[in-house]
Number of protein chains: 2
Amino acid sequence: MTLTKNTFIGEYFYSLDAKGRINIPAKFRQALSKDNKNTFVLTRGMDSCIWIYPLKQWKEIESNLRKLSSLSNLHRTFVRNTARYATPSTYDKQGRISLPPSLIEYAKLNKDVQIIGMINKMEVWNPKQLIITDNEAINIDTSAYDDLAEKITL
Amino acid sequence: MTLTKNTFIGEYFYSLDAKGRINIPAKFRQALSKDNKNTFVLTRGMDSCIWIYPLKQWKEIESNLRKLSSLSNLHRTFVRNTARYATPSTYDKQGRISLPPSLIEYAKLNKDVQIIGMINKMEVWNPKQLIITDNEAINIDTSAYDDLAEKITL
DNA sequence: TAAGCTTGTGGGTAGTTGTGGGTAAAAACC
DNA sequence: GGTTTTTACCCACAACTACCCACAAGCTTA
């Protein structure tokens with residue numbers, strides 16, 4: 001059963017093969033709308049993980065970047081750092097995408113990988129790195145949650 | 001897989017050969033629409049790098065420059081410095097363009113070069129220079145950077 | 001319970017990609 | 001005008017990637 005189109009939830013455990021490929025959860029593939037053309041855009045996440053956007057979602061980011069002028073040092077730096085690490089990748093007949101070596105290194109991936117649905121994108125983690133990040137999250141200022149509570153109705 | 005036409009993302013490492021040629025990433029070549037006629041316009045970037053525009057994109061810049069009044073000293077200088085160093089270059093059967101010696105010197109290029117997709121153009125860097133520029137970017141006002149990131153919705 | 005489909009993983013192969021270098025036409029120089 | 005230098009176009013090849021087939025394990029359905 002697929003929920004909303006282009007929306008990803010849940011966590012999955014797969015293995016990275018010798019050719020640097022990982023499986024995309026079948027449920028995520030089913031959730032993709034046709035106009036994504038079986039293609040994702042991979043890039044560095046803000047934590048030690050890889051972010052995977054459906055093509056359509058990435059195009060929105062692109063069109064925002066396109067508006068920024070290269071005359072501004074700030075804009076130039078932002079476009080460079082955002083565009084630089086992004087790579088498109090289409091999944092094969094078996095539902096796998098191949099990860100570029102630079103991203104495998106960035107996310108410190110070994111054989112075991114964990115994929116997490118993040119609503120509008122997915123994250124690929126080394127399970128061990130995720131545990132570390134989880135532990136660090138304990139130190140988050142919980143009072144900041146109250147600010148968030150005003151924006152989001154749980 | 002090609003994303004949007006005339007849109008460039010990702011970073012690539014190539015070498016500048018003895019004849020002053022560099023490879024254009026295959027993905028970038030595929031992204032070019034036919035009306036670019038395999039031609040780029042190269043010019044000085046605002047950092048220590050070379051900017052490479054698809055012909056079509058450059059023509060847009062030209063028409064924008066045309067609108068600037070020569071009565072303004074600022075405008076005159078800006079138009080002059082933008083137009084001055086621009087050179088067209090068509091890529092060969094193997095997908096390479098040759099860089100004029102003046103631009104090679106300007107960007108301080110040696111054998112190793114790095115190409116970065118900047119959405120509407122690409123940048124050619126000496127990897128070492130890019131690291132220096134990256135480090136300087138630390139001085140950027142981080143709150144302004146965060147504001148920008150919030151608008152783009154990554 | 002058996003048959004059939006789906007899912008995750010391994011691996012072979014043909015085509016693509018990046019790089020070096022040769023040759024002839026064109027341009028620049030004296 | 002003839003010689004040298006530069007540029008444009010071509011071929012060659014190693015490394016890599018995209019695409020395909022295969023199969024085992026799990027789930028579904030009859």
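Proteins come first, then strands; the chains are lettered A, B, ... in the order of their sequence lines, and each starts at number 1. These numbers come from the heavy atoms of this one structure, side chains and all, not from hydrogens, waters or symmetry mates.
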Exercise. Under 4.5 Å between any side-chain heavy atoms of B/F13 and B/D112, yes or no?
Worked result: no
Exercise. Within this structure, what is the NZ-to-P distance between B/K19 and C/dG22, rounded to whole angstrom?
Worked result: 8 Å
Exercise. For B/M46 and A/S70, which heavy atoms make the closest approach, and how far apart are they?
Worked result: SD-O, 3.6 Å
Problem set entry | Atom-pair distance (CD1 on B/I97; P on C/dG18), nearest Å | 13 Å
Exercise. Rounding to a whole Å, what distance do you find between B/L99:CG and C/dT19:C1'?
Worked result: 15 Å
Exercise. If only side-chain N and O atoms of B/R29 are considered, is one of them under 4.0 Å from the OP1 or OP2 phosphate oxygen of C/dG18?
Worked result: yes
For this session: Measure from the side chain of B/A26, starting at C-beta and using heavy atoms only, and say which of C/dG12, D/dC20, C/dT17 lies closest.
Result: C/dT17
Seminar exercise, completed: Assign each of B/R21 and A/Y14 the nucleotide of DNA chain C bearing its closest heavy atom; nearer the 5' end lies the nucleotide of A/Y14
Exercise. Name the one of A/R80, A/E62, A/K67 that satisfies side chain to side chain contact (heavy atoms under 4.5 Å, CB included) with B/I119?
Worked result: A/E62
For this session: Answer whether the closest heavy-atom distance between the side chains of A/R96 and A/I24 falls below 4.5 Å.
Result: no
Exercise. Looking at the side chain of A/N23, which of C/dG20, C/dG8, D/dC19 is the nearest nucleotide?
Worked result: C/dG8
Exercise. Do A/T43 and A/I50 have side chains that get closer than 4.5 Å, going by heavy atoms?
Worked result: no
Could you go over nucleotides 11-15 of chain D and give all protein N or O partners under 3.5 Å, atom names and distances?
unit_1: D/dC11; atom_1: N4; unit_2: B/Q94; atom_2: OE1; d: 3.4
unit_1: D/dC11; atom_1: N4; unit_2: B/Q94; atom_2: NE2; d: 3.1

Problem set entry | Separation of atom CZ in B/F28 from atom P in C/dT17, rounded to whole Å | 14 Å
Exercise. What is the distance from CG of A/D17 to P of D/dA18, rounded to the nearest Å?
Worked result: 13 Å
Exercise. Under 4.0 Å between a side-chain N/O of A/S98 and OP1 or OP2 of D/dA18, yes or no?
Worked result: yes
Problem set entry | Whole angstrom value for the distance that separates C1' of C/dG8 from CD1 of A/I22 | 12 Å
Exercise. Does a side-chain N or O from B/K27 land closer than 4.0 Å to OP1 or OP2 of D/dA18, or not?
Worked result: no
Exercise. Counting any heavy atom closer than 4.0 Å, what does B/T90 reach on the DNA or RNA strands: base, sugar-phosphate only, or nothing?
Worked result: nothing
Exercise. A/W51, A/L65: one ILVMFWY side-chain cluster at the under-4.5 Å cut-off?
Worked result: yes
Exercise. C/dG18 P sits how many Å from B/Y12 OH, rounded?
Worked result: 9 Å
Exercise. Tell me: CG of B/D92 to P of D/dT6, nearest whole Å?
Worked result: 19 Å
Problem set entry | Proximity of A/F78 and B/Y145 rings by center, below 6.0 Å | yes
